[in-house]
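Reviewing the structure listed below.
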Amino acid sequence: MLPDLFSDLPPPDGDLATAPLTAIDEGAVLIRGGITRHAEHLLSDIRSLTAQAPLRRLYTPGGGLMSASLSCCGTVGWVSDQRGYRYQRTDPLSGRPWPALPASWSQLAAQAAGRAGYAGFVPNSTLINRYGRRAEMGLHQDRNEGDFSAPIVSFSLGLACLFLWGGSTRSQRPRRIPLTHGDVVVWGGPSRLFFHGIAPLPDGTHPLTGPCRYNLTFRHVRP
DNA sequence: TAGTAACT
DNA sequence: AAAT
């Protein structure tokens, strides 16, 4: 078996308190394997949450269909359609409020943020992204939250991917950072509005998720 | 405009 | 780069 793109990563530690922390940029860190030991619990929660608010593909305002599927939980959820990007209190599919953000998720996200130097992070919205075969996410900024003092906390589950990490302008060529099952990325402060994205998902199968990657992105949104 | 076409 |  030939070594793959990701085989030189250290083995996952699984604990946010002790997993190895790498600086990516000013205000941005990668915690390798920080949530590995919580993966099955998180995936089980994703199953029950997406039974209430199904994963769905959204249209961008320009009319493009996103290749990743998403859902939300928390007091507000991110949506995109012909009218633009926004956070709203209800799921447009059902008209009902989004499912509550599980307390265990909020605690893990806060612990990750604290490890990255952002004390007191209290997320009120989580975007649940599912990347299937060849799904990707173009370079973008998370800029609809209203509160840019709070960081973004991102959990990776399942198939490995290449995280595209750019800069404050779209023209800066992004670095490609491998993310594997259990990895956590936190960015805020000077890099809070940096462009980022996901390269097309490589083929593969993960024991816990099959041919897909899940990503949980925690935010604090000023309603 | 979190995507895409249409360039180079 | 430009459309929306």
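Note that these values count all heavy atoms, side chains included, but never hydrogens, waters or copies made by symmetry. Protein chains get the first letters and strands the later ones, always in sequence-line order, with residue 1 at the start of each.
One interatomic measurement links the two molecules: CG of Asn144(A) to C1' of dA2(B), which rounds to 10 Å at whole-angstrom precision. Here dA2(B) presents its C1' atom at 17 Å from CD1 of Ile128(A), a figure rounded to the nearest Å. Rounded to an integer number of Å, the gap from Met66(A) CE to dA2(B) P is 8 Å. In this entry the distance linking CZ of Arg143(A) with P of dA2(B) reads 7 Å, nearest Å. Across the protein-nucleic acid pair, Leu65(A) atom CG and dA5(B) atom C1' stand 16 Å apart, rounded to whole Å. Regarding Phe163(A), its CZ atom lies at a distance of 15 Å from the P atom of dA2(B), rounded to whole Å. Counting to the nearest Å, the P atom of dT4(B) and the CD atom of Gln82(A) are 15 Å from each other.
Between Phe194(A) and Trp187(A), a ring centre-to-centre spacing not shorter than 6.0 Å is recorded. With ring centers used as reference points, Phe155(A) lies 6.0 Å or more from Tyr214(A).
No engagement by Arg57(A) is indicated, since no non-hydrogen atom pair under 4.0 Å with the nucleic acid exists.
A side-chain donor-acceptor contact under 3.5 Å links Tyr87(A) and Glu145(A). In this structure, a donor-acceptor pair under 3.5 Å is absent between the side chains of Thr36(A) and His181(A).
Exactly one residue among Leu70(A), Thr126(A), Ile152(A) makes a side-chain contact (heavy atoms from CB on, under 4.5 Å) with Thr217(A). That residue is Ile152(A).
Within the 4.0 Å cut-off from OP1 or OP2 of dA2(B), not a single side-chain nitrogen or oxygen of Arg86(A) is found.
Near DNA chain B, meaning a heavy atom under 4.0 Å away, there are no residues from residues 184-201 of chain A.
No more than 12 heavy-atom neighbours from other residues, nucleotides or ligands sit within 6.0 angstrom of CZ on Arg83(A).
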